[in-house]
Amino acid sequence: MDGCLHCVFTWQKACSIFHTQGWKHLRRSFSTEKVIHKDHSLPNPSWSKDLRLLFDQFMKKCEDGSWKHLPSSECKVPQRIHSFKTYFLDSKPVKEDQLSQARPFTRSYEVGQGFEYAMFYNEDEKRTVCLFQGGPYLEGPPGFLHGGALATMIDTTLGVCTISCMGLFMTANLNINFKSPIPLCSVVVISSQLDKVEGRKVFVSCNVRSVDEKTLHSDATGLFIKLDPEKSLT
Ligand SMILES: CCCCCCCC(=O)SCCNC(=O)CCNC(=O)[C@H](O)C(C)(C)COP(=O)(O)OP(=O)(O)OC[C@H]1O[C@@H](n2cnc3c(N)ncnc32)[C@H](O)[C@@H]1OP(=O)(O)O
């Protein structure tokens, strides 16, 4: 179990270092035994009552060990992270100075304005649940969440579901049905599961429901491909 969670943390940590400090630092960081970051997936004053209640419910489910709360940025770097650099040694990313202002997309807004979420993972059931509150800067149609913002959270949730079992990956395909618009600043529950693994291909799916579960806002499937160390990404 720890190994699976470490994979999630590894990806998040790697993205964070890459976006903020560039490849050199990413590589250097692999020699670090333990790095602690602030966890952005804990309650803050912008969270609605619904989000807090759901968060508390899932934290209770964590007490018997069946579910795990996944920190958003706080992470331990496992020894196996050394292998991560293999995938990127030959890549030629954009200049490091261009990346100095970059940050992970879902954590790029001020508290409460963009993506507020917490994720929970069930190892036995291979399921990931994301509790998501889309803030006012994520507006699409007046008063409603932008479809791209929902797609981002679906991709992230499916990605976490995937990485928990397979390590480093990229999204190859996302197929989303938007069934009912999501009021801005409301809370939805994104429930994802791993459906099938075929070699380097992992098939996952999810649905997005209102807090009372009465409204199906969206459903989606995703295909994630495990990175091949023999291939460069660029
Ligand atoms: C924890 C945080 C979660 C964050 C989640 C966010 C994740 C992201 O946003 S990733 C960014 C968006 N995605 C990308 O930019 C990916 C761009 N694409 C790529 O880099 C490559 O196409 C990549 C890595 C996905 C696959 O490349 P590669 O490793 O060469 O795989 P390749 O050999 O072409 O294909 C492997 C298998 O997958 C299949 N496949 C690949 N792409 C697709 C696709 N789009 N649809 C269906 N099948 C596909 C191939 O047919 C092949 O199948 P088989 O083994 O049966 O012959």
Side-chain angles (χ1 to χ4, degrees), residues 3-20 23 26 35 37 39-41 68-78 80-81 83-94 99 102-109 114-123 126-132 146-176 190-206 208 220-234:
C4 293
L5 285 176
H6 279 153
C7 288
V8 177
F9 301 154
T10 299
W11 178 258
Q12 292 176 331
K13 155 120 184 95
C15 288
S16 175
I17 294 173
F18 167 65
H19 285 299
T20 56
W23 294 105
L26 177 59
V35 178
H37 291 259
D39 183 2
H40 294 279
S41 69
K68 296 275 183 195
H69 172 235
L70 301 179
S72 181
S73 288
E74 189 177 12
C75 53
K76 284 189 265 183
V77 180
R80 69 174 68 180
I81 202 169
S83 64
F84 190 93
K85 64 182 178 183
T86 312
Y87 298 98
F88 301 107
L89 274 179
D90 299 325
S91 64
K92 296 175 180 59
V94 291
L99 290 168
R103 59 177 80 176
F105 184 27
T106 57
R107 295 302 182 194
S108 60
Y109 293 85
F115 301 91
E116 290 295 333
Y117 63 95
M119 293 215 196
F120 295 86
Y121 177 66
N122 186 310
E123 165 82 4
K126 297 282 185 280
R127 288 174 57 205
T128 300
V129 168
C130 175
L131 315 176
F132 169 46
H146 195 293
L150 181 60
T152 295
M153 283 316 303
I154 286 175
D155 190 18
T156 304
T157 306
L158 291 176
V160 167
C161 200
T162 301
I163 202 169
S164 301
C165 78
M166 73 180 289
L168 302 167
F169 64 88
M170 293 287 264
T171 313
N173 180 267
L174 263 187
N175 196 320
I176 301 174
I190 306 173
S191 303
S192 69
Q193 65 185 43
L194 187 142
D195 296 323
K196 189 172 58 168
V197 180
E198 284 178 1
R200 290 198 291 129
K201 296 188 286 189
V202 175
F203 297 84
V204 281
S205 60
C206 74
V208 183
T221 57
L223 169 63
F224 290 78
I225 310 285
K226 186 173 183 177
L227 299 184
D228 182 347
E230 301 300 314
K231 293 182 180 178
S232 167
L233 282 177
T234 55

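Residue numbers run from 1 in the order of the sequence given. Both counts, for ligands and for their atoms, begin at 1 and track the order of listing. Values below: all heavy atoms of this structure, side chains included; hydrogens, waters and symmetry mates excluded.
- Remark: ligand 1 atoms within the under-4.0 Å shell around heavy atoms of Val160 are 1 (C).
- When heavy-atom distances to ligand 1 are checked against a 4.0 Å cut-off, Leu223 comes that close only through its side chain, counted from C-beta outward.
- Geometrically, ligand 1 and Asp228 share no nitrogen or oxygen pair separated by less than 3.5 Å.
- Here Thr106 pairs with Tyr117 under the side-chain hydrogen bond (donor to acceptor under 3.5 Å, both in side chains) rule; sequence neighbours left out.
- Counting only distance, with no hydrogens or angles, the side chain of Ser192 and the backbone of Leu158 share no donor-acceptor pair below 3.5 Å.
- Note on ring orientation: taking the six-membered ring where Trp is involved, the planes of Phe120 and His69 are tilted (angle from 30° to 60°).
- Remark: the backbone N or O of Lys226 is paired with a side-chain donor or acceptor of Arg200 at under 3.5 angstrom.
- Using a 4.0 Å cut-off between heavy atoms, Thr171 contacts ligand 1 through both its backbone and its side chain.
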Run the side chain to side chain contact (heavy atoms under 4.5 Å, CB included) check on Met119 and Val129 step by step: do they pass?
-> CA-CA 6 Å; Met119 293 215 196; Val129 168; over 6 Å; no
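- Remark: side-chain polar atoms of Asn173 are not paired, donor with acceptor, to backbone N or O of Gly222 under 3.5 angstrom.
- Selection from Thr162, Thr128, Asn175, Asp155 by nearest heavy atom to atom 5 (C) of ligand 1 gives Asp155.
- Counting only non-hydrogen atoms, the option in Gly159, Cys161, Ala172 that gets closest to atom 42 (N) of ligand 1 is Ala172.
- Proximity annotation for atom 52 (C) of ligand 1: of Lys201, Arg200, Glu198, Lys201 comes nearest, heavy atoms only.
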